[in-house]
Amino acid sequence: MNADALARLADAAIEAASDATAVEVMSSRVSGGVTRFADSQIHQNTAKDLWEVAVRCVLADGRAGVTSISSDDPADAAVAGSRAVALARLAPPDPSFAGVAGPVPTPPSPWCDPATAATTAAERAAVVAEIVTETAGVSAAGSVATDLTECVVRTSAGADLYGARSGAQINLVLTGPASTGHAESGSHAIGELDPARAARRALGKVRAGADAGPVEPGEWPVVLEPSAVASLIQYLGFVGFGAKVVDEDRSFASGRFGEAVLDPKVTMVDDALDPQGRGFPFDPEGTPKQRVEFVRRGVLTGVAHDRQSAARAGTVSTGHALPPPNPFGPLPMDPFVLPGDGGGIDDLVAGTERGLLVTRFHYVNVLQPKETVLTGMTRDGTFLVEDGRVVRPVRNLRFTQSVVDALGEVREISSETGYGTEILGGGTQLPALALPRFRFSGATDFG
Amino acid sequence: MRTLAALGLDEATRAGADYADVRGMTLDTESVAVRGPEIEGVDRGTSRGIGVRVLAEGAWGFAATSRLDREAVLETARRAVAIARASATVRREPIALAPVDVQQGTWATPHARDPFDVGVEDKIGYLLAATGAAAATPGLTYARATCDARKSETWLLSSEGAAIHQTVLQVSGGLACVAVGEHEVQTRSYPNSFGGYAGTGGWEDIVALDLEAHAPRCAEEAVALLTAPELPGHVGTAVIGGSQLGLQVHESVGHALEFDRILGHEADFAGTSFVAPGDIGRLRYGSDLVGFTLDTTTPKGLGTFGYDDEGTPAGRHPLVVEGRLVDVLTNRETAPLLGPGRQSNGTMRAESWGAVPLVRMTNIHLEPDVGTLDELLSDTGSGVLMDTNRSWSIDDRRLNFQFGCEIAWEIRKGRRGRMLRNPTYTGRTPDFWGACDAIAGPDEWKVYGTPNCGKGQPMQVARVAHGAAPARFRDLRMGVR
């Protein structure tokens with residue numbers, strides 16, 4: 001581990017920026033590897049070791065400068081510090097500057113596994129080999145990734161934090177003669193991944209999805225598996241639950257706190273330290289991550305804050321800052337929907353008279369942020385459910401749907417959870433959802 | 001950096017690489033953003049490092065480090081070879097590279113004024129003038145203006161003898177005016193969404209945008225959109241503006257024609273392609289009017305360079321001619337699969353020193369035909385004109401897409417009529433391009449930078465461009481709900 005080396009980098013930058021009134025430095029090291037495979041053989045295999053120092057310094061009148069440099073050399077960190085001061089001198093004053101963080105107890109880093117951090121390319125290749133063996137007869141594509149992130153945040157006001165987080169992830173897409181199947185698995189520890197189980201799950205989707213037929217687009221009851229739920233709630237978090245978008249009346253939640261906006265079964269939180277997540281224990285400003293409840297039993301209750309938004313709101317940061325400069329404001333990075341009492345995915349399907357079972361969504365994007373209208377495709381396994389049973393696979397569908405409207409009425413939330421990711425953030429364990437209405441706006445001619 | 005790259009190359013070869021290339025890069029970046037009368041952020045960054053790519057035992061390995069001491073570079077080279085050997089344990093056929101004319105050369109982006117030589121105060125002043133000009137519009141919530149600069153200096157050395165020194169200078173800048181209503185947020189951007197203009201060149205290209213002059217119109221349109229009628233759902237004729245068509249080309253042509261994607265290399269992330277290797281020379285991609293070209297020599301194109309990251313020189317290659325697919329985007333690994341003697345058409349690019357090069361889009365253009373936008377509208381009679389991307393989504397085979405635009409207008413009696421809000425359209429790639437029956441001419445053709453193209457695992461963001469002129473599409477489904 002590199003806590004001392006990272007601290008030396010931070011100290012060099014702070015010292016070089018001593019002309020500033022306030023200095024905030026984040027020094028980090030990200031190392032790890034990604035082994036990719038396609039057509040059941042490894043085609044890309046990479047490793048990276050990135051050291052970086054990011055400096056924000058602020059002068060007495062609020063003028064600020066931000067610099068970064070990739071280096072493990074304190075002399076380079078000092079250059080970044082002095083450049084930040086020079087840049088700040090050129091900037092106009094910013095009266096809204098909320099100061100840098102002071103000393104706080106270092107939060108624990110519970111998600112750091114030395115074995116994961118030390119994983120070699122040969123060990124990742126062995127995981128791929130296991131998947132390829134388990135999926136003989138279909139074409140396997142995917143990735144096995146392991147990484148370690150270490151980070152120090154120090155400020156001129158006395159904040160001094162070190163944290164580390166490891167990560168291990170399997171992403172798998174299998175392609176059969178007339179269908180595809182997906183499975184993913186993630187943890188802070190590579191030993192907790194189960195490649196064979198992921199392979200069997202994706203293989204099951206391929207077999208069940210063969211020769212998909214059409215269904216008419218329109219409003220359908222759905223059962224959304226955890227990967228599909230991840231897409232909806234991560235986008236909802238981004239467009240709805242950051243304090244900046246809420247303050248600026250750009251969120252559906254603006255001015256509606258205390259109102260019941262979602263189904264009473266829904267409680268949504270952001271929790272970097274949840275054992276089911278992969279969050280980092282503090283943010284780049286040096287604020288330990290707080291658990292924030294956005295929605296409690298359907299009622300809007302809270303937003304994510306950074307230091308600036310918290311100062312404006314007269315509250316304290318919840319530890320959701322992004323690295324500066326940050327035009328987006330604070331954002332939730334580890335959103336969860338809390339599990340319900342609905343059992344497993346099969347139980348949700350069993351309670352569906354007629355509807356669609358969605359494995360995951362693909363290429364989701366925001367159409368109307370304030371109304372939380374998203375569009376995207378289904379992918380890697382979409383199925384027709386009748387009388388509580390999956391009766392046949394269906395071709396992929398495009399949805400165009402307000403997430404808030406969709407979660408306004410929830411039939412069931414599963415008690416079992418599964419791993420889900422979306423491009424915006426890390427992976428989390430999420431329940432499946434059964435919704436009575438979900439709007440599909442178009443169809444494709446393939447499954 | 002050349003010395004360190006050479007050190008890594010020698011060590012990779014010594015460690016057993018059958019082929020190796022090493023990129024040593026220094027990447028300087030600067031971003032300036034203002035919002036209303038306030039500075040949102042000024043930042044500068046420097047990222048330096050070495051990336052070593054090797055073929056050993058017929059498989060790829062890649063390792064990269066930001067540590068630039070001798071021992072770290074040697075260790076990184078040895079690590080790349082060890083990774084390649086690990087890759088070989090799960091590989092059926094050895095990888096073979098297409099031949100390349102080994103290059104030793106230098107290239108630098110033509111420009112008049114290096115943006116890093118322009119004072120930050122001057123940039124702030126330029127941007128504040130624009131947001132100030134927008135602020136006078138009643139009902140506007142805020143205007144945000146940005147300018148960014150990016151300079152990469154790279155040494156590429158290969159075990160075949162390539163030695164290429166390249167300096168690529170990119171600039172971007174633009175304005176976004178935002179109006180917040182009770183239920184909606186409306187944005188009008190100039191000259192394009194998602195950061196505005198982006199291209200290779202110098203500060204003169206940002207000055208030429210004249211953000212201040214365009215700010216009042218932009219602001220007025222954003223406010224007007226809040227109360228404009230919504231584009232109704234229907235199937236009809238649409239004229240799509242060049243900036244939106246640029247992204248349409250990006251999603252439904254550029255990505256679909258990446259040969260590594262066609263071969264399934266991206267199946268686990270954004271998916272594959274509806275195009276099959278056997279479609280080349282046969283597939284009808286669009287109407288006879290439709291032609292697409294890969295051109296890494298386009299002046300000011302964001303995907304313009306002298307050599308790609310395998311050392312293949314820049315060039316111009318037709319992809320679709322008179323509606324028929326004739327080629328795809330290749331690299332040295334995939335080109336031989338198209339036939340003996342086939343060479344890469346030079347699309348291998350990495351996000352940075354720390355990322356392995358992938359087949360990327362560079363500049364992919366829709367070729368212009370004839371006439372002006374006004375002539376196109378006049379000829380259209382009635383329909384919908386829409387432009388400036390707001391949202392994009394396409395399926396994992398690049399077939400079913402849905403786009404949202406910032407703004408639309410009715411076309412009535414051959415002229416632009418009333419404004420329409422929340423325009424969307426959806427379609428299927430070959431049907432859409434097959435229904436293209438008019439494309440405006442060279443005077444309307446512009447190159448639009450797309451600085452946020454994602455691909456790969458871990459995802460790399462590439463900076464690419466698309467030339468396009470407004471074009472007309474029949475039987476298009478619009479106003480998707």
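In this text the structure is predicted, and so the values were computed from the model without any measurement. Residue numbering restarts at 1 for every chain, and letters A, B, ... go by the order of the sequence lines.
Side chain to side chain, Gln41(A) and Glu93(B) meet the donor-acceptor criterion of an N or O pair below 3.5 Å. Remark: the Glu251(B) side chain and the Tyr363(A) side chain contain an N/O donor-acceptor pair separated by less than 3.5 Å.
For a residue to count as touching a neighbouring chain, one of its non-hydrogen atoms must lie under 4.5 Å from one of that chain's; by this rule Leu358(B) touches chain A with the side chain only. Residue Phe269(B) touches chain A through both its backbone and its side chain, counting heavy-atom pairs closer than 4.5 Å. For Ala145(A), no part lies near chain B; criterion is any non-hydrogen pair under 4.5 Å. Proximity to chain B (any heavy atom under 4.5 Å) is shown, for Ser40(A), by both the backbone and the side chain. Residue contact with chain B, scored on non-hydrogen atoms closer than 4.5 Å, is absent for Gln401(A). Looking at Glu371(A), both its backbone and its side chain come within 4.5 Å of chain B, counting heavy atoms on both sides. Proximity to chain A (any heavy atom under 4.5 Å) is restricted, for Arg35(B), to the side chain, taken from C-beta onward. Using a 4.5 Å cut-off between heavy atoms, Leu87(A) contacts chain B through its side chain alone, with no backbone atom that close.
Nearest heavy-atom pair, Glu266(B) versus Arg36(A), reported as atom, atom and distance to 0.1 Å: OE2-NH1, 2.9 Å. Scanning both residues, Ser70(A) and Ser47(B), for their nearest heavy atoms gives OG-CA, 3.1 Å. Contact detail for Ala267(B) and Ala141(A): the closest heavy-atom pair is CB-CB, 3.7 Å. Summarising the geometry of Ile83(B) relative to Ala47(A), their closest heavy-atom pair is CD1-CB, 3.5 Å, with the distance given to 0.1 Å. Closest non-hydrogen pair, Arg477(B) versus Gly442(A), comes out as NH1-CA, 4.3 Å.
Contacts with chain B were tallied for Arg250(A), Lys48(A), Arg398(A), His362(A); Arg398(A) has the most, counting heavy-atom pairs under 4.5 Å. Among Gln368(A), Glu52(A), Arg124(A), the residue with the largest count of heavy-atom pairs under 4.5 Å with chain B is Gln368(A). With chain B as partner, the option from Leu367(A), Asp249(A), Asn326(A), Thr378(A) having the largest number of non-hydrogen pairs under 4.5 angstrom is Leu367(A). Ranked by heavy-atom pairs under 4.5 Å with chain B, the first of Val173(A), Val66(A), Asp39(A), Val55(A) is Val66(A). Counting heavy-atom pairs closer than 4.5 Å to chain B, the top residue among Asp73(A), Leu50(A), Thr175(A) is Leu50(A). Most heavy-atom pairs under 4.5 Å with chain A: of the set Arg92(B), Glu182(B), Glu38(B), Arg390(B), this distinction falls to Arg92(B). Comparing Ala91(A), Ala80(A), Ala121(A) by heavy-atom pairs within less than 4.5 Å of chain B, the highest count is held by Ala121(A).
A salt bridge is absent between Arg89(A) and Glu121(B): the closest approach of a Lys/Arg side-chain nitrogen to an acidic carboxylate oxygen does not fall below 4.0 angstrom. A salt bridge links Glu40(B) to Lys244(A): at least one charged side-chain nitrogen sits closer than 4.0 Å to a carboxylate oxygen.
Residues passing the side-chain contact (heavy atoms from CB on, under 4.5 Å) test with Arg83(A) are Thr67(A), Val79(A), Thr46(B), sequence neighbours excluded. In this view, Glu123(A) and Thr119(A), Thr120(A) satisfy the side-chain contact (heavy atoms from CB on, under 4.5 Å) rule, not counting sequence neighbours.
In this structure, the side chain of Thr46(A) does not engage the main chain of Val356(B) through any donor-acceptor pair within 3.5 Å. Asp72(A) contributes no side-chain N or O that, together with a main-chain N or O of Arg67(B), makes up a donor-acceptor pair within less than 3.5 Å. Checked by atom type and distance alone, the side chain of Ser391(B) pairs as donor or acceptor with a backbone atom of Val366(A) at under 3.5 Å. A distance-only check finds no donor-acceptor pair linking the side chain of His183(B) to the backbone of Lys370(A) [under 3.5 Å]. Judged purely by atom type and a 3.5 angstrom limit, Ser66(B) uses its side chain to pair as donor or acceptor with the backbone of Trp51(A).
Considering Pro323(A), Pro325(A), Ser68(A) as possible partners of Asp43(B), the one that fulfils the side-chain contact (heavy atoms from CB on, under 4.5 Å) test is Pro325(A).
In this structure the side chain of Arg144(B) reaches within 4.5 angstrom of the side chain of Pro327(A), judged on heavy atoms. Contact check for Met377(A) versus Asn400(B): side-chain heavy atoms found under the 4.5 Å cut-off.
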